[in-house]
Amino acid sequence: EQPPFYMPEFVPLAVLAGTLWWMATRALAQVTPENLTLQIESNFNCRAQVGGCQLDLFSSPARLELTGVTLVPRDAEADAGSNPATRAPYELHATYFKFRSATLEADLWPLLLQRKLAVKKFVMSNADVKFDLLPGGENTLRTLFSKPAVVSGKPNPSSAALAPVVAA
């Protein structure tokens with residue numbers, strides 16, 4: 001005879017709930033200002049600084065709040081992928097992009113299952129942008145948002161694949 005508290009139909013539900021909880025706590029542990037800084041630098045040609053962040057996975061959609069974000073031209077610290085906490089302070093140049101706070105809303109399932117951020121909405125407040133206009137209509141801000149040539153001290157495979165196409 002089975003004990004009164006044993007209900008086999010709830011075992012799969014309990015396993016699913018435990019797995020989702022584990023995935024959520026793992027995702028929360030990955031969202032730190034240092035990790036976000038390195039993620040930004042691996043995707044954009046800039047040196048980044050993220051002052052703070054807070055992730056709410058249990059809202060619908062999931063919400064990430066960022067504070068004190070600054071993007072400046074890429075330097076050796078960003079190329080090396082060094083620990084943001086031990087870096088020398090950055091200098092504001094003639095080109096920068098910074099904002100005091102932003103709220104990013106994203107789909108939860110790609111974030112939990114694939115550790116990818118599928119952004120639905122991104123709202124910034126108190127932004128400050130400075131750039132130079134170049135002859136021909138280009139601007140220096142565009143370089144901050146291009147693919148980096150070096151990520152964590154190694155050539156970026158995605159920018160290396162683009163080089164022959166650009167040369168042609």
Query raised in the report: Is there side-chain contact between L144 and P73, with at least one heavy-atom pair below 4.5 Å?
Result: yes
Query raised in the report: Are the side chain of Q49 and the backbone of T70 linked by a donor-acceptor contact shorter than 3.5 Å?
Result: no
Report summary line: Interatomic distance, CZ@R87 vs CD@E34, rounded to 0.5 Å, equals 10.0 Å
Query raised in the report: Going hydrophobic residue to hydrophobic residue with side-chain gaps under 4.5 angstrom, can you get from L36 over to V69?
Result: yes
Report task. Could you list the residues that satisfy ring pair (Phe, Tyr, Trp, His ring centres under 6.0 Å) with F44, not counting sequence neighbours? Result -> F145
Requested in this report: Applying side-chain contact (heavy atoms from CB on, under 4.5 Å), run through N126 and S101 and close with a yes or a no.
Outcome: CA-CA 7 Å; N126 297 335; S101 65; 5.6 Å; no
Query raised in the report: Roughly how far, to the nearest 0.5 Å, is NZ of K130 from NE2 of H93?
Result: 11.0 Å
Query raised in the report: Within the side chain of N45, is there an N or O that forms a donor-acceptor pair under 3.5 Å with the backbone of S146?
Result: no
Report task. Could you tell me which non-hydrogen atom of G52 sits nearest to which non-hydrogen atom of P33, and how far apart they are? Result -> CA-CG, 3.9 Å
**Report entry** Reported CG-to-CG distance for the pair L141 and L133, which is rounded to 0.5 angstrom
**Finding:** 10.5 Å
Report task. Identify the two heavy atoms, one from A78 and one from C46, that lie closest to each other, and give their separation to 0.1 Å. Result -> CB-O, 3.7 Å
Query raised in the report: If only atom types and distance count, is the side chain of T140 paired as donor or acceptor with the main-chain N or O of D132 below 3.5 Å?
Result: yes
**Report entry** For S42 against N156, the heavy-atom pair lying closest together
**Finding:** O-ND2, 4.4 Å
Query raised in the report: Are V31 and L66 in one and the same hydrophobic cluster, where Ile, Leu, Val, Met, Phe, Trp and Tyr link if side-chain heavy atoms are under 4.5 Å apart?
Result: yes
Query raised in the report: Do you reckon V72 sits in the same ILVMFWY cluster as V129, going by side-chain contacts under 4.5 Å, direct or chained?
Result: no
Query raised in the report: Can you tell me how far CG of D56 sits from CD of E65, rounded to the nearest 0.5 angstrom?
Result: 8.0 Å
Report task. Report whether L104 and M124 are members of the same hydrophobic cluster (ILVMFWY, side-chain heavy atoms less than 4.5 Å apart, transitive linking). Result -> yes
Requested in this report: Using the rule that two of Ile, Leu, Val, Met, Phe, Trp, Tyr join whenever any of their side-chain heavy atoms come within less than 4.5 Å, decide whether Y90 and L38 are in one cluster.
Outcome: no
Query raised in the report: What are the two closest heavy atoms between P61 and A106, and how far apart are they?
Result: CB-O, 3.4 Å
Query - Pairs flagged by salt bridge (charged side-chain N to carboxylate O under 4.0 Å, His left out) wherever residues 73-85 is involved - sequence neighbours left out - result: R47-D75, R74-D79
**Report entry** K98 side chain reached by L92 side chain, heavy atoms, under 4.5 Å
**Finding:** yes
